[in-house]
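Just so it is clear: chains get the letters A, B, ... in the order the sequence lines come, proteins before strands, and each one is counted from 1.
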Amino acid sequence: MDFDLSDEQRQLKDNLERLMAAEYGFDKRTAYAASPHGWSRELWATYAELGLLAVPFAEADGGIGGGPTETMIIMEQLGHAMALEPYLATVVLGGGFLRHGGSVEQKARLIPGIVSGETTLAFAQQEKQSRYDLADVATTARRDGNGWVIDGEKGVVIGGDAADHFIVTARTAGARRDHTGIGAFIVDAKSTGLSRRGYVTQDGQRAAQLTFAGVKVPASDVIGDSAGALPLIERVVDEGIAALCAEAIGVMTMMHATTLDYLKTRKQFGLTIGSFQAVQHRAADMFVALEQARSMAMFATMMADDSDARERARAISAAKVQIGRSGRQIGQEAVQLHGGIAMTMEYNVGHAFKRMTMIDRMFGDTDHHLARLAGLGGVIG
Amino acid sequence: MDFDLSDEQRQLKDNLERLMAAEYGFDKRTAYAASPHGWSRELWATYAELGLLAVPFAEADGGIGGGPTETMIIMEQLGHAMALEPYLATVVLGGGFLRHGGSVEQKARLIPGIVSGETTLAFAQQEKQSRYDLADVATTARRDGNGWVIDGEKGVVIGGDAADHFIVTARTAGARRDHTGIGAFIVDAKSTGLSRRGYVTQDGQRAAQLTFAGVKVPASDVIGDSAGALPLIERVVDEGIAALCAEAIGVMTMMHATTLDYLKTRKQFGLTIGSFQAVQHRAADMFVALEQARSMAMFATMMADDSDARERARAISAAKVQIGRSGRQIGQEAVQLHGGIAMTMEYNVGHAFKRMTMIDRMFGDTDHHLARLAGLGGVIG
Amino acid sequence: MDLRFSPEEIAFRDEVRHFFATQIPAAIRNKTIEGRKFEKSDIVTAHKIMYARGWATPNWPKEWGGTGWTPIQQYIFMEELQQSGSPQPLQFNVQMCGPVLIQFASEAQKKRFLPRMASLDDWWCQGFSEPGAGSDLASLKTTAKRDGDTYVVNGQKTWTTLGQYADWIFCLVRTDLAAKKQEGISFLLIDMKTPGITVRPIQTIDGGREVNEVFFDDVRVPVENLVGQENKGWDYAKFLLGNERVGIARVGVSKERIRRIRQLAALERDGDRPIIENPRFAEKLAAVEVELKALEMTQLRVVAAERNRGTGKPDPASSVLKIKGSEIQQATTELLMDIMGPYSIPMADDDMDGSNELPIAPDYAGGIAPAYFNWRKISIYGGTNEIQRNIIAKAVLGL
Amino acid sequence: MDLRFSPEEIAFRDEVRHFFATQIPAAIRNKTIEGRKFEKSDIVTAHKIMYARGWATPNWPKEWGGTGWTPIQQYIFMEELQQSGSPQPLQFNVQMCGPVLIQFASEAQKKRFLPRMASLDDWWCQGFSEPGAGSDLASLKTTAKRDGDTYVVNGQKTWTTLGQYADWIFCLVRTDLAAKKQEGISFLLIDMKTPGITVRPIQTIDGGREVNEVFFDDVRVPVENLVGQENKGWDYAKFLLGNERVGIARVGVSKERIRRIRQLAALERDGDRPIIENPRFAEKLAAVEVELKALEMTQLRVVAAERNRGTGKPDPASSVLKIKGSEIQQATTELLMDIMGPYSIPMADDDMDGSNELPIAPDYAGGIAPAYFNWRKISIYGGTNEIQRNIIAKAVLGL
């Protein structure tokens with residue numbers, strides 16, 4: 001057991017930390033958010049140059065062959081800066097489908113574009129009725145000669161407003177919430193019959209609503225088993241949650257540090273507010289919550305590629321619960337201990353609070369994962 | 001709307017407060033607890049002299065005709081002193097069955113003895129499998145000529161080790177958890193076939209385990225409908241819960257006040273510990289919890305004799321939830337803010353903490369009543 | 001002790017309830033229920049309807065247009081108002097500045113300001129907080145320097161809610177720089193049209209632009225606009241701040257939210273059952289309801305005690321109302337988030353009045369997250385909950 | 001970074017697990033599982049079995065009988081021990097006094113005391129707290145006055161756990177009445193058989209008699225029993241108090257409790273289903289498990305960091321372990337109360353070893369409420385959780 005980073009990992013972390021410090025100040029971030037895509041194409045190119053977009057892919061596929069730890073390091077730094085680029089959507093989720101389910105041809109076709117920064121992906125799974133149930137898929141894919149035709153609607157497709165390709169879940173057989181009969185398809189964003197409506201999310205990111213009206217997909221764009229993709233989807237989403245947990249650690253760390261700075265400088269009644277013991281104890285409780293969350297983000301990272309799907313699910317749900325609880329506490333307390341200033345769009349803690357809140361809603365909120373974990377018999381063996 | 005006590009009510013409160021201050025100091029209480037019955041026969045006689053044992057009974061029955069408010073006043077004072085006498089068991093619960101369900105003959109037979117202090121009662125309802133379900137009755141009463149024969153076991157009969165009569169719930173028809181087919185019986189403690197094992201409870205009160213082996217009960221000792229007593233039982237228990245809430249307010253008030261005294265006198269690092277802001281805020285939170293609980297104890301009192309059983313149940317469950325939560329917070333905080341001293345049997349806060357804990361387990365704990373309330377559609381109309 | 005409303009009180013409640021249901025336009029009240037924001041015109045319309053009925057200033061003395069209601073009646077009125085979804089009579093006029101003028105202003109000032117204040121012909125806003133003076137309000141730095149018949153005001157106020165609509169602002173200004181910090185403050189009324197005043201909106205994290213910074217650059221204010229005595233403004237400010245008993249807990253607002261939660265939780269489904277049928281959700285909701293019912297009783301106890309204590313003396317126990325009231329209001333926004341789940345993520349369009357079915361989510365989802373964000377302010381404003389705990393510890397518990 | 005145990009660590013864990021399962025009598029270990037208390041003989045038996053294996057003092061240097069294990073191995077050992085239900089090697093000997101002697105005592109003292117301390121031939125207890133000195137330990141008043149070759153000790157210690165069994169007590173005493181309070185304290189070893197010592201048990205709210213007051217009335221202690229320098233005892237005490245990293249979170253204890261909770265919740269029924277099938281209960285349990293799993297990882301991070309930080313330097317983050325560890329342990333006692341419901345009310349008979357089926361409730365119900373009461377101490381002793389928050393605020397956060 002060893003919690004230390006390797007030299008390469010430390011270098012990755014330091015490099016990214018430096019880049020974010022230089023390129024992700026409050027004003028720059030605000031400008032990225034206001035740009036057409038809502039994120040920085042230039043920085044995305046820099047990520048590509050630094051190899052960040054290649055990290056999880058196998059060397060044989062043009063990647064670097066990094067593991068969950070490298071993804072954790074990157075996501076934490078992106079979270080700390082509240083970076084807007086679609087790393088999760090493109091590299092972790094989109095890339096995850098290719099890595100775990102893609103054919104040799106699919107990998108060869110798509111990974112180079114991801115790695116070079118030319119191609120972005122988005123995962124189109126959510127439907128109006130589905131809430132957090134990955135098996136609740138009403139969008140259909142029916143056979144059409146050698147290929148498939150997709151009809152339906154997908155929403156809250158994070159990063160979907162600018163993505164070049166979507167990974168779309170669709171039902172190829174069975175009833176709406178059946179666990180079999182689900183396929184995962186690569187769909188070109190420019191496909192005929194596919195329309196999208198991009199929009200801003202509550203935390204200033206971008207997403208899209210997609211409408212599929214007879215969208216034709218060739219057989220070569222089915223990922224793996226056209227009727228048995230759910231285990232793959234669950235695996236990729238579990239990895240996505242682990243990455244999201246790491247991002248959340250970055251967001252929380254920033255909120256906690258910013259709050260501490262504020263407590264040390266803001267004076268009221270002639271004293272820094274951090275000298276009041278009631279405030280000190282709450283800052284201490286925030287620290288406890290942060291360290292517990294950090295531990296669980298590490299645990300999720302360790303278990304993200306576990307071969308036992310049940311053990312993986314227990315770990316991932318446990319981590320999402322801890323992240324959700326710590327994130328809520330740290331976010332609410334950061335705002336409260338700041339007072340009015342953190343209620344404004346002119347201060348980073350407010351944005352972080354919103355991002356943290358939205359992370360809790362992605363891929364299952366705290367209550368959802370608590371119920372899932374209870375159903376799996378808890379996390380203590 | 002009027003929260004003021006009437007002159008008579010104020011006098012009742014003041015008298016009892018004085019009596020308790022004089023007769024329920026720590027050492028005296030310890031002596032009562034160590035006496036054979038675990039409570040003071042002399043004080044019980046004084047209660048009788050003061051009319052406390054007559055309060056809820058109609059004047060026509062030899063009582064004083066007091067209402068829920070008077071019961072609230074008495075129970076709060078008894079709680080504040082952590083009085084050990086079986087007021088709840090005898091007057092509120094036992095008396096409740098007589099008042100709401102007793103025949104003219106039963107009232108005439110039993111109430112004078114209660115009022116004079118000669119007779120104590122206890123409510124025998126709990127069974128090994130029944131937990132908090134009042135309808136879960138396995139003890140049977142079968143017809144035997146003109147009377148009944150009771151067989152079964154009852155446990156955690158509070159005040160049951162010294163009671164002269166029991167009010168016993170028994171199944172006269174139907175299956176174990178049916179809502180009909182339950183009767184309530186007056187059983188003389190000296191009945192043939194009835195054995196009891198008295199014991200001390202965790203909070204230093206007394207209770208008993210009863211075994212009924214062919215105990216004969218005459219028809220004149222059936223209270224009301226021999227197969228339809230559940231609504232009566234529920235009504236009496238709801239009144240009992242309201243009284244218990246008032247007792248809890250007394251216990252909490254004492255714990256909070258004792259803690260404040262301690263915070264104002266105990267010095268550490270050259271300062272009273274009450275001068276530390278983190279401690280102050282927690283004492284303030286205890287006060288908030290206490291006032292919220294006090295409000296709900298009043299609400300329970302107001303609703304305890306509501307004719308609409310559903311509205312009454314919503315109010316009573318809501319009150320029990322609030323009392324349970326506030327009581328847990330105040331009890332745990334009182335111990336924590338005191339430190340070691342409150343962990344000992346030599347200090348009243350530890351005893352109060354235990355009493356409060358047991359109150360939460362009586363007639364349904366916090367979770368039980370929260371579920372019941374949710375099932376009833378909440379308490380906000 | 002009789003904890004039920006008297007028949008007269010029930011009749012009064014029914015009258016008030018009927019008034020709101022029939023007199024305040026449903027289009028306005030529905031904005032509350034649907035989580036949308038009021039326009040200026042909504043507030044003015046509702047205020048003037050209440051004013052026409054003589055109900056805009058229930059807490060004022062009868063001679064200045066008050067109703068003569070008992071504290072309980074005032075409580076009932078406010079709770080019914082809040083449950084109806086109607087905007088309140090503008091609180092800067094009615095709850096804050098009006099009572100200060102009634103208590104401390106000259107007759108001439110009363111005659112000049114109170115009638116238009118009551119009718120909302122003048123819209124008032126508050127100039128207390130400053131960037132460096134939050135919980136420590138008395139450390140404010142905005143100065144008013146005497147120059148003949150005028151004060152010359154310089155400085156900056158912040159968190160001025162709805163200042164963009166205001167005709168007048170009541171300000172705390174420093175008139176004696178040498179005095180101890182509480183002792184050099186005066187209470188000044190300033191016409192917002194005076195040259196040198198700049199209002200800059202602050203966008204809050206819910207996307208709203210309700211609060212403002214107000215800058216004063218050599219703003220000349222006639223001396224006659226001073227309330228009471230020079231350098232005694234802190235006393236008036238304390239009076240104002242302590243004067244928020246009735247309604248601070250906003251029990252009616254939370255009751256309305258609870259009903260909305262039940263409605264939406266019955267509408268939204270998780271899998272094949274409505275969310276309200278999920279026991280965990282139902283119990284979370286019930287737990288908040290218990291706290292709210294307790295708060296209602298606590299508030300009524302405080303209101304009823306006013307009769308014994310005498311009007312106008314703030315009850316330190318009202319800090320309990322602030323703490324619990326804010327916690328409950330915030331809890332209702334979290335329950336709404338729980339209902340919406342992933343559909344709380346998309347941002348609603350700026351214009352929420354037209355038909356703008358949100359991407360994938362139902363129309364009403366758009367306001368849920370902003371309300372959660374926005375209501376974090378409730379435990380901050382009006383004296384943070386930390387300040388309230390200090391008050392309880394010192395004024396109630398004697399620590 | 002590799003967060004899994006190495007194959008060597010797993011092999012070690014299996015070896016330790018097998019040792020506890022086979023070498024420590026089940027009759028002793030079951031007392032933990034069933035919530036009963038250890039007798040003195042249980043503790044001695046287990047300690048001596050571990051001693052025979054060379055495992056009684058894993059944290060000591062090898063020359064004094066330590067194991068030479070890595071911090072991770074020490075952690076694994078303790079967690080397995082706790083999960084097995086075995087008593088720990090007596091912590092007053094092994095965790096508290098031993099390391100102080102190893103660090104600060106003379107060679108003669110080490111040779112005299114350490115071997116019998118390691119083997120538990122001498123039972124030690126702690127004389128730190130006094131009635132007036134709780135969190136403010138340095139305000140202690142017990143004096144040791146030099147008189148030739150002896151100190152004459154007068155005063156009172158309290159909360160002396162298991163002092164009734166002790167052969168020796170390590171004490172903080174005041175040797176310089178004039179010095180600033182931390183500077184006049186010495187660390188003294190006192191034979192409990194010395195005339196003038198009286199031990200009085202304190203009954204705690206769980207009914208137990210584990211803790212004691214110890215009175216010193218002109219107790220004469222040879223000067224050779226002074227550890228280190230006179231008036232430097234506070235440094236040694238700080239070393240001792242900061243030395244509780246491994247095991248302070250008691251992760252293994254809570255894991256064992258979680259398993260017990262699952263077992264009893266499957267056994268006890270509410271209506272027609274076992275309590276474990278009540279979703280609310282199952283989710284409450286799962287929530288505690290999440291915190292425990294997180295704590296386990298946090299503890300492992302602290303343990304692993306010891307390698308980089310160097311042994312013996314307390315990590316201020318260990319305050320996190322104390323806070324969360326105590327909260328979780330207390331939460332497990334509340335879950336057990338939830339399972340027992342009304343059957344937690346009866347008091348168990350004093351003698352819990354025989355067959356004493358409780359009135360109406362199952363046998364195991366009797367210890368549930370006392371454990372809940374007793375474990376409130378965990379957030380009080382070893383530095384209250386409030387003190388831990390102070391430490392985090394100051395030493396970690398720099399506030």
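A heavy-atom distance below 4.5 Å is not found between the side chains of A:M1 and D:D2. In this structure, the side chains of A:D4 and D:M1 stay at 4.5 Å or more apart for every pair of heavy atoms. At a threshold of 4.5 Å between non-hydrogen side-chain atoms, the residues A:Q280 and D:K394 count as touching.
Taking every heavy atom of both residues into account, A:A283 and D:L399 meet most closely at CB-CD1, 3.8 Å.
The contact between D:L397 and chain A is made by backbone and side chain atoms together, counting heavy-atom distances below 4.5 Å. Only the side chain of A:R325 comes within contact range of chain D, with at least one heavy atom under 4.5 Å from a heavy atom of that chain.
Classification of D:R301 and A:E291 as a salt-bridged pair holds, one side-chain N sitting under 4.0 Å from a carboxylate O. Remark: A:D306 engages D:R4 in a salt bridge, criterion side-chain N to carboxylate O under 4.0 Å.
Chain D forms the most heavy-atom pairs under 4.5 Å with one residue out of A:A319, A:A315, A:G381, A:S6, and that residue is A:G381. Interface check for chain D: of the options A:H256, A:R294, A:R314, A:M303, the most heavy-atom pairs under 4.5 Å are formed by A:R294. By number of non-hydrogen pairs under 4.5 angstrom with chain D, the leading residue of A:S326, A:G274, A:S317 is A:G274. Most heavy-atom pairs under 4.5 Å with chain D, from the set A:T69, A:V379, A:D367, A:T301: that is A:V379. Heavy-atom pairs under 4.5 Å with chain A peak, among D:L285, D:V396, D:I72, D:N390, at D:N390. Counting heavy-atom pairs closer than 4.5 Å to chain D, the top residue among A:L373, A:L260, A:L5 is A:L260.
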